[in-house]
**Q** 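Please find one structure pasted underneath; my questions will follow.
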Amino acid sequence: MTVNLLNCRHDFPIFKQLVRGQRLAYLDSAATTQKPHCVIDKLSQYYQTCNANVHRGVHYLSEQATQNFIAARQTVQKFINAKKLHECIFVKSTTEAINLVAQSFGDAFIQKNDEIVITMMEHHSNIVPWQMLCKRKEAHLKFIPMTNRGVLDLESLDSLFTEKTKLLSISHVSNALGTIHPIKEIIKKAQARNIPVFIDGAQAAAHIPIDVQDLDCDFYTFSSHKVYGPMGVGVLYGKEKWLEKMPPYQGGGDMIKKVSLSETLYQDLPYKFEAGTPAVAEAIALKSALDYLMNIGFESIAFHENELLKIATEALTSMPSVRIIGHSSQKVGIISFLIDNIHSHDLGTLVDQKGVAIRTGHHCAMPLMDFLGLTATARLSLGLYNTEQDIEQFLEALTFAKKFFKIKDSVCL
Amino acid sequence: MSLETLELDAVSLEMQVRELYQELIIEHGTKPRNHRILLKIDAKAEGFNPLCGDKIELFLTIEEDKIIEASFLGKGCAISQASASLMTEALMGKTVNEALQLFQQFKALVTHNDPEMNTDSDTNTFLGKLAAFKGVRSFPSRVKCATLAWHTLNAALKENPSLITTE
């Protein structure tokens, strides 16, 4: 089967407008993705035709809303190949999922002097909740180190794990550098030591097919707004054996079976972890986004994004005064880079004038930046709507920026 | 910034960015003046912008209420470094109260907040070369870069209350 480059830009209404009088080359999908018609329309359609509160109503609209909400959860189950529907919990975001597990799993299973292992390459959302947990429980946080190439240094993994290690939490893909971590191999090593594994899949879900049974991870999370769905909803997958034993995260309506003044009986999964009115419209629109992705197919998405990544990487590698940060052989479409004598922040402002949207700064990965001796980089990140024209526009904008700052390229190689 | 779809003249947009990144700012941003530590430090403070990683450490030598010398060490974007560089030049010979006044004027210039304080002719006279930062107004996301050094100055002076007179 020949896989061709995708042609999805026209599915996304935001690209109709000019930005700063220019065509928009949106290269910041790792921050948030743009949304296709079907997702935007679904949000609107929900509120126009079937909006009601879910689960307990006996009227028509409530039944419609509930059925659609359940269908959304079923699509999520299919998307990640979870064994059981009730292992898929709707949360607000990846950040909330991590906080939920840090609090709830932490309450149940982490004692004083226990150890939690994360990595130096994590996004702050996969560092801070664990720091907070360790402080609360007087436990210890340990870090898998990284190398200058922007990959994890797994040699020390075996010695990092001790009999006190109660959890390993690691991202699937680095948001700052695009590195795909070898999580299947890491999970196997952790499982061999009876260490449960939490995977932050925020940067993976739009680019890599997720099969939680094949990975055999204990938890997996991703955000809707990074997979072409709306902001405000995300998914936490957890193996039934853990979720059953974990206490609720938030208390309130919908997560209870029975409430009396003296005690309360909690609901079964997944509702035990879904207090209050869920983001119903958003979950239903997320289903549209996941259907859209599954319809295109990850093979096509990966081919398309890899082709563009190759073009961009080759161009940046051969452009004088440009340095790419992170050289993993396994990457999604993310490139962090620096230009000599132009701070990333200034670069971002200048290329913005040419309609090019990139991200600049520490990318919420200060420990990673500190290790590499950097304060900020510029980051280009691809989505399935990007085209070769976006890359060309980006490269022209870089040339404009270099001219503006009068960068004299050094001739020696 | 609003989310309305705007079709603006590409030429005027380029003018805005050229106003932001004037020669003076690029010059001071890439080759900052007074980029060193002082021998005699009467006041100092550190400033940090966690959103982007811009860092400033400011040093002041103060004698009889006058700032004799000002210098800084720092890392960051051209706007933040140029602002620190031009600030240290502007501070030389100013009294502490004049320095604090300058801070208010500069803030008003880049945020365009206070119409009464900020008439163009007054600004240009009092701010001198610092008026070059007027272009920052069009780039709200860069205001914090421009004001970092100044907030750091404010902290340095306020942390030494004996330096601030009530005149």
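Only a predicted model underlies this, so the values are computations on that prediction, with no experimental measurement involved. By convention in this document, chain letters (A, B, ...) are assigned in the order of the sequence lines, proteins followed by strands, and residues within each chain are numbered from 1.
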**Q** Within a 6.0 Å radius of atom NZ on A:Lys226, are there more than 12 heavy atoms belonging to other residues, nucleotides or ligands?
**A**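 Counting other residues, nucleotides and ligands, NZ of A:Lys226 exceeds 12 neighbours.
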
**Q** Could you tell me whether the side chain of B:Arg18 reaches within less than 4.5 Å of the side chain of A:Gln353, counting heavy atoms only?
**A**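 SC-SC contact between A:Gln353 and B:Arg18 ruled out.
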
**Q** Give, as side chain, backbone, both or neither, the part of A:Asn341 having an atom under 4.5 angstrom from any heavy atom of chain B.
**A** backbone

**Q** So, taking the atom named CZ in B:Phe139 and the one named CG in A:Asp352, what distance separates them when rounded to the nearest 0.5 Å?
**A**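 Those atoms lie 7.5 Å apart.
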
**Q** Report, as yes or no, whether the 6.0 Å neighbourhood of atom NZ on B:Lys94 holds more than 12 heavy atoms from other residues, nucleotides or ligands.
**A** yes

**Q** Take a 6.0 Å sphere around CD of A:Gln131 and say whether it holds more than 12 heavy atoms from other residues, nucleotides or ligands.
**A**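 Counting other residues, nucleotides and ligands, CD of A:Gln131 exceeds 12 neighbours.
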
**Q** Please check if atom CE in B:Met92 has more than 12 non-hydrogen atoms from other residues, nucleotides or ligands closer than 6.0 Å.
**A**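 Atom CE in B:Met92 is crowded, with more than 12 foreign heavy atoms closer than 6.0 Å.
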
**Q** Which answer fits A:Met366, side chain, backbone, both or neither, if we ask what part of it has an atom under 4.5 Å from a heavy atom of chain B?
**A**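 Contact with chain B involves the side chain of A:Met366 alone.
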
**Q** If the contact rule is any heavy atom under 4.5 Å from chain A, which residues of residues 77-85 of chain B qualify, in numerical order?
**A** B:Cys77, B:Ala78, B:Ile79

**Q** State, with a plain yes or no, whether a side-chain heavy atom of A:His345 is found less than 4.5 Å away from one of B:Arg142.
**A** yes

**Q** Report, in residue-number order, which members of residues 26-39 of chain B are under 4.5 Å from chain A by heavy-atom distance.
**A**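 Counting heavy atoms that sit under 4.5 Å from chain A, the residues of residues 26-39 of chain B involved are B:Ile26, B:Thr30.
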
**Q** Measuring from A:Asp346:CG to B:Tyr21:OH, what's the distance to the nearest 0.5 Å?
**A**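 Spacing of CG (A:Asp346) from OH (B:Tyr21) equals 3.5 Å.
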
**Q** For A:Lys16, which atoms come within 4.5 Å of any heavy atom of chain B: side chain, backbone, both, or neither?
**A** neither

